[in-house]
**Student:** 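Structure incoming, see below.
Lettering of chains follows the sequences in order, A, B, ..., and the numbering in each one begins at 1.
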Amino acid sequence: MTDNKKLLLIDGHSVAFRAFYGLHSQLERMKNRNGLHTNALYGFHNMLEVIVDKEKPTHALVAFDAGKTTFRHKYFEEYKGGRSKMPSEFAEQIPYMKDLLKGFGLKSYELPDYEADDIIGTLAREAEEKGFEVVVLTGDRDLTQLASDHVRIDITKKGVKDLKEHTKDSIQEEMGITPEQIVDMKGLAGDASDNIPGVTKIGEKTALKLLHEYGSVENLYEHIDEMKKSKRKEYLIDEKETAFLSKKLATIDRDAPVEISLDELDYDGQDMEALISFYKEMDFNSHLSKLDTTDYMEELAEELTEIDSTFVEEIDASMFKDGMALYTEMLDENYHHSEIICVAWGNKDNVYVADPKTVFQSDAFKNWIEDEAMQKVVYDAKQTYVALNRNELTIKGISFDIMLASYLLTAEDSSSGDLVDVAVKHDYQGVSPDEMVYGKGKKISRPEDESRMHDHLARKVLAINTLSETLDKELKENEQEDLLKKMELPLAMVLAEMEIQGITADAERLEKMKGEFQETLDRVEKQIFKEAGEEFNINSPKQLSVILFEKMGYPVIKKTKTGYSTAQDVLEKLRDQAPIVEYILEYRQISKIQSTYIEGLLKVIDPETSKIHTRYLQTVARTGRLSSVDPNLQNIPIRLEEGRKIRQAFVPREKGWKIYASDYSQIELRILAHISEDEHFIKAFNDDEDIHTTTAMRVFDVDDASKITPNMRRDAKAVNFGIVYGISDYGLSQNLNITRKEAKEYIDTYFERFPGVKTFIDEIIRQAKEQGYVETLFHRRRYLPDINSRNFNLRSFAERTAMNTPIQGSAADILKMAMIEMNKRIKEEKMQATMLLQVHDELIFEVPEAEIEKLEKLVEEVMENTVQLSVPLKVDSSYGDSWYDAK
DNA sequence: AGCGAACTCT
DNA sequence: CATGAGAGTTCGCTT
């Protein structure tokens, strides 16, 4: 051996198929969050890991079969006939193989008309001629014919990671023939699995005997006359053609027109980024956590080309130009509390980095920030606004936000808050993750070497600058420019003001409630322990299920992945037979209020101002809705009286003022009416009818509204909801506690009576399948990669998303526009009323008594008329001394 | 530190 | 076969 080159060739399909059956018993357990089976991918992954680690190849390739037919079918149509169809659980995993291979840094190759065997055979020959060692990984014994002095064939055994190695010698020893003779063997004996016929009455034993005597099929027929007369000889003579054909079929073509050269196959290890995203996609969390990313991180850092930036201790006006990018660095994501630790700004010509102390003392900086005419581009306009506001600066003239732009373009989660995610998503590699500079978890801190931080920030500024141009172009191509510049960006400013304003919370009220709820909890807890006959942690579903289903022996109604379900709907079914569950339900309800709402809210009230400042996340919800965190003020209880009382703690900032709430009535169904153009729906809304009653009348075929019972209306309401969410008969039956058949009848009648809705659903799904995404009324997009998936769950989910997103998303768009307009009008009118909160279809204000009438008129005018649909939009308003009383 | 179950809202 | 949209927080429990 003159050199150490080693080529690893993998028979992709056969190895994956072996992996699939190797982990077949795990089939139902191994699914990702979307319901995609992952057992073949998992097994294949582990095999790759083992073989790559063991062999340390210098070159590698994974070969696949291309299409159904190969050149062999020309000679023999039935080749590989009689094979049963691939199970769909396996087939659905195939498209993801390429992601797995990408992660391993392995190239793959297929060749029309040829099988993977031929590709492998050809490359193995070439490589051996050039002095390589060759290892072939396959699940298929056929490949053993390729074994030679420098070619070894590894075949997967039943256990997933076990391999059996086949060398020229081991084959000779086990089979008694050379690897080359294996095809002669098949010529005579055939191969049932590939539907290769062979010669009648000749099996492996006979073939072996014949081959020992004659060596090959060709030689056998040359000397066939010397064979003494026998039935076998007759068969051999009669089926001479078949024997040659069979040999030909079984022979791997070692001279296939493979157009990839060995040089291209050099292997340089895993592609960390691709591997991480593959693990995430498949929910391979154990792999994810054991991944050693330090090498990768260092590598990334080295890859960054050097950039120029200036750390400045004195600032002057010459450092600011129109169109520059600006970034303010904070270590905690909650910008209401987190300190700015460094500031950077600049463009492609100059990047400046400075300490906040320097920046906030500078008049030149202040002039630039507050000059509307000087445009700035940023990452996260709202964060930037709030951060500067806390330093007595009001930023004006933000013209672009790459975080918002990226969200509009891909509607993918960029909530990690790290600019690097957005950059990488748009193929910009010049910036590193925050984690690399500041560390992660509890250890997040300023780097000791300050210059590292300065460089990091300078890179962010350059990234913002560069990406703002490319993303702007992409937005224009998608007709989404207005969505950014007239909706999301102005909204970011409005939200910033709302967050900074905050809502006043009455801590004393909460403290008082806390005491009362604690008494209830103690009392209910005692009763539960008495019924159970022992003490345990009621908050632990695991301990609770032991008590309920094992100790007390109540029937199990539903199971979760990890054990018995003790969810609300399950407990409600046990209510009649199990007195204890009544107490458990009460305990759960109250303890949720206590921990999340009372104790949780008390923790986030600013003791100085008595205010709560939530943060609205503008780039999380895939439909375009906002979400609210730290705390979430969009899920304050209302349905049950006990929880609703929490709202008494939300009060106006001044005595004598009121909390004023306005919500859109049935906005989603009105949008459905508008988009679907269903005449019955449109008429009902134009006539201001009660939509659920009208639905009930049509579905139950009743001609008089007075004959609609509350139950009929309730059912109709559930169906209307179901339509908006993308209904299934099963889901509706669960919801209404009726049979699946009855639910199906409801749905069928509904579609019959509202044909426009049916047409809308069919049409939106068709459109989604064709273009791969759906849009709201205002061009907000959501891509649906699974809409044509062969996996039922994935596809169904995408179909429901296709119908729900235009509805939910258009409602979100309308609210956003109304908020921008309201903010503007309140300022124009110089009102004291203040917009405080948004809860998906409602806006909450605080208002002086004297302005109530004016606000009422303004809110209605704005909310009902910001957008004109083919049905009217209707707003219901109310006010009171607290949020509780605004009902 | 991260996940799943349970709960809250529109 | 599995089975209604979009979110966030808290808890217990495992790593």
Side-chain angles (χ1 to χ4, degrees), chain A residues 27-28 31 33 35 37 88-89 283 285-286 288-290 413 415 440-442 537-545 558 560-571 584-585 588-597 599-601 603-604 614-617 620-640 643-644 646 663-664 666-668 718-736 740 743 747 782 791-797 799-809 811-812 815 838-842:
Chain A
L27 184 61
E28 286 319 305
K31 289 185 192 172
R33 66 191 119 37
H37 292 94
S88 67
E89 295 89 345
D283 290 334
N285 295 318
S286 57
L288 196 57
S289 56
K290 78 174 181 221
D413 187 5
S415 61
K440 68 171 174 180
K442 254 175 82 178
N537 189 340
I538 306 165
N539 282 324
S540 161
K542 200 176 161 190
Q543 294 184 33
L544 179 62
S545 54
K558 202 165 68 178
T560 65
K561 257 190 253 175
T562 48
Y564 309 128
S565 168
T566 65
Q568 199 170 55
D569 60 321
V570 170
L571 296 188
I584 293 166
L585 286 165
R588 284 249 179 96
Q589 188 205 335
I590 306 293
S591 76
K592 179 74 183 178
I593 295 170
Q594 188 76 309
S595 61
T596 304
Y597 296 106
E599 290 166 3
L601 288 174
K603 269 184 239 164
V604 292
T614 184
R615 280 185 300 132
Y616 289 102
L617 304 189
V620 168
R622 314 275 259 244
T623 52
R625 273 188 176 181
L626 299 175
S627 74
S628 157
V629 293
D630 284 347
N632 180 358
L633 292 183
Q634 292 181 319
N635 70 346
I636 302 301
I638 188 166
R639 203 168 41 89
L640 300 170
R644 189 175 196 153
I646 298 291
D663 70 288
Y664 278 112
Q666 307 295 355
I667 188 166
E668 294 194 336
V719 182
N720 274 332
F721 263 89
I723 294 293
V724 170
Y725 295 151
I727 202 160
S728 77
D729 47 12
Y730 179 84
L732 185 66
S733 72
Q734 289 291 301
N735 200 260
L736 287 177
R740 206 171 139 167
I747 295 167
R782 181 163 179 184
N791 179 311
F792 176 87
N793 278 334
L794 291 179
R795 189 178 63 250
S796 302
F797 192 75
E799 287 173 356
R800 291 196 293 273
T801 310
M803 50 184 131
N804 175 263
T805 295
I807 300 172
Q808 195 184 112
L815 250 291
Q838 188 254 38
V839 192
H840 308 308
D841 69 352
E842 69 176 321

**Student:** Looking at C:dG8, C:dA5, B:dT8, which one has an atom nearest to any side-chain atom of A:Val629?
**Tutor:** C:dG8
**Student:** Taking the minimum atom-to-atom distance to the side chain of A:Arg800, which one of C:dA2, C:dC11, C:dG4 wins?
**Tutor:** C:dG4
**Student:** Kindly say whether A:Ala802 contributes a backbone atom to a donor-acceptor pair with the side chain of A:Thr805 at under 3.5 angstrom?
**Tutor:** no
**Student:** Under 4.0 Å between any heavy atoms, over every strand shown, what does A:Asn537 touch: base, sugar-phosphate, or nothing? Just pick one.
**Tutor:** sugar-phosphate
**Student:** From NZ of A:Lys561 over to P of C:dA2, roughly how many Å is that when rounded to an integer?
**Tutor:** 14 Å
**Student:** Might you point out which heavy atoms bring A:Leu633 and A:Thr614 nearest each other, and give the distance in Å?
**Tutor:** CD1-CB, 3.9 Å
**Student:** Kindly point out which of B:dA6, C:dG8, B:dA5 is positioned nearest to the side chain of A:Thr562?
**Tutor:** B:dA5
**Student:** Of the options C:dG6, C:dT10, B:dT10, whose atoms approach the side-chain atoms of A:Asp841 most closely?
**Tutor:** B:dT10
**Student:** Mind checking if A:Ile723 touches a base, just sugar-phosphate, or nothing, with heavy atoms under 4.0 Å?
**Tutor:** nothing
**Student:** What nucleotide among B:dA6, C:dT3, B:dT10 has an atom nearest to a side-chain atom of A:His840?
**Tutor:** B:dT10
**Student:** Under 4.0 angstrom, heavy atoms only, what part of the nucleic acid is A:Gly726 near: base, sugar-phosphate, or nothing?
**Tutor:** sugar-phosphate
**Student:** For A:Arg795 and C:dC1, give me the distance from atom CZ to atom P, rounded to whole Å.
**Tutor:** 16 Å
**Student:** Can you tell me the distance, in whole Å, between the CG atom of A:Asn635 and the C1' atom of B:dC7?
**Tutor:** 9 Å
**Student:** What contact category does A:Ala802 fall into here, base, sugar-phosphate, or nothing, at under 4.0 angstrom with non-hydrogen atoms?
**Tutor:** nothing
**Student:** Under 4.0 Å between any heavy atoms, over every strand shown, what does A:Ser628 touch: base, sugar-phosphate, or nothing? Just pick one.
**Tutor:** sugar-phosphate
**Student:** Taking atom types as they are modelled, is there a donor-acceptor pair under 3.5 Å from the base of B:dT8 to the side chain of A:Arg639?
**Tutor:** no
**Student:** Between A:Ser540 and C:dC13, is there a side-chain N or O to OP1/OP2 distance below 4.0 Å?
**Tutor:** yes
**Student:** Select base, sugar-phosphate, or nothing to describe what A:Asn804 touches, counting heavy atoms under 4.0 Å on all strands.
**Tutor:** sugar-phosphate
**Student:** The side chain of A:Gln589 lies closest to which of these nucleotides: C:dA7, B:dT8, C:dG6?
**Tutor:** B:dT8
**Student:** Any idea which heavy atoms bring A:Leu815 and A:Ile667 closest together, and the distance?
**Tutor:** CD2-CD1, 4.4 Å
**Student:** Check every atom of C:dG12, B:dC9, C:dG8 against the side chain of A:Asn632 and return the nucleotide holding the closest atom.
**Tutor:** C:dG8
**Student:** Report which part of the nucleic acid A:Gln568 touches: base, sugar-phosphate, or nothing (heavy-atom distance under 4.0 Å, all strands).
**Tutor:** sugar-phosphate
**Student:** Side chain of A:Ala621 only, heavy atoms from C-beta on: which candidate in C:dG6, C:dT9, B:dA5 is closest?
**Tutor:** C:dG6
**Student:** Please report the closest heavy-atom contact between A:Met803 and A:Ile723, naming both atoms and the distance.
**Tutor:** SD-O, 4.4 Å
**Student:** Students often get this wrong, so: under 4.0 angstrom with heavy atoms, is A:Ser796 touching a base, only sugar-phosphate, or nothing?
**Tutor:** nothing
**Student:** Scan A:Asp729 against the nucleic acid and name what it touches under 4.0 Å (heavy atoms): base, sugar-phosphate only, or nothing.
**Tutor:** nothing
**Student:** So does A:Gln838 get a backbone contact from the side chain of A:Tyr616, meaning a donor-acceptor N/O pair under 3.5 Å?
**Tutor:** yes
**Student:** Which value, in whole Å, describes the distance between the P atoms of nucleotides C:dT3 and B:dA5?
**Tutor:** 13 Å
**Student:** Between atom CG in A:Asn539 and atom P in C:dT10, what is the gap in whole Å?
**Tutor:** 13 Å
**Student:** Nearest heavy atom decides the nucleotide; on that basis, is A:Asn720 or A:Gln543 closer to the 5' end of DNA chain C?
**Tutor:** A:Asn720
**Student:** Please determine, for the side chain of A:Phe721, which listed nucleotide (B:dT10, C:dG4, B:dC7) has the closest atom?
**Tutor:** C:dG4
**Student:** C:dA5 base stacked by A:Tyr725? Criteria: ring centres under 5.5 Å, plane angle under 30°.
**Tutor:** yes
**Student:** Whole angstroms only, please: what is the CD1-C1' distance between A:Ile747 and C:dG4?
**Tutor:** 10 Å
**Student:** Indicate, with a heavy-atom threshold strictly under 4.0 Å, whether A:Arg615 touches base, sugar-phosphate, or nothing.
**Tutor:** nothing
**Student:** Scan A:Val724, A:Leu732, A:Asn735 and name whichever one has a side chain to side chain contact (heavy atoms under 4.5 Å, CB included) with A:Val719.
**Tutor:** A:Leu732
**Student:** Output the rounded distance in Å from CD (A:Gln634) to P (B:dC9).
**Tutor:** 13 Å
**Student:** Return the minimal non-hydrogen interatomic distance between A:Ser627 and A:Val620, and the atom names on each side.
**Tutor:** OG-CB, 4.1 Å
**Student:** Quick one: does A:Lys592 reach the base of C:dT9 with a side-chain donor-acceptor pair under 3.5 Å?
**Tutor:** yes
**Student:** Applying a 4.0 Å non-hydrogen cut-off, can you work out what A:Thr805 is touching in the nucleic acid: base, sugar-phosphate, or nothing?
**Tutor:** nothing
**Student:** Under a 4.5 Å cut-off applied to non-hydrogen side-chain atoms, are A:Gln568 and A:Leu585 in contact?
**Tutor:** yes
**Student:** To the nearest Å, give me how far apart NZ (A:Lys542) and P (B:dG4) are.
**Tutor:** 15 Å
**Student:** Would you mind classifying the nucleic acid contact of A:Ile807 as base, sugar-phosphate or nothing, using non-hydrogen atoms under 4.0 angstrom?
**Tutor:** nothing
**Student:** Can you see if the side chain of A:Arg625 gets near the phosphate of C:dA5 - specifically, an N or O under 4.0 Å from OP1 or OP2?
**Tutor:** no
**Student:** I want to verify a distance call: between C:dA7, C:dA5, B:dA6, whose nearest atom is closest to the A:Arg622 side chain?
**Tutor:** C:dA7
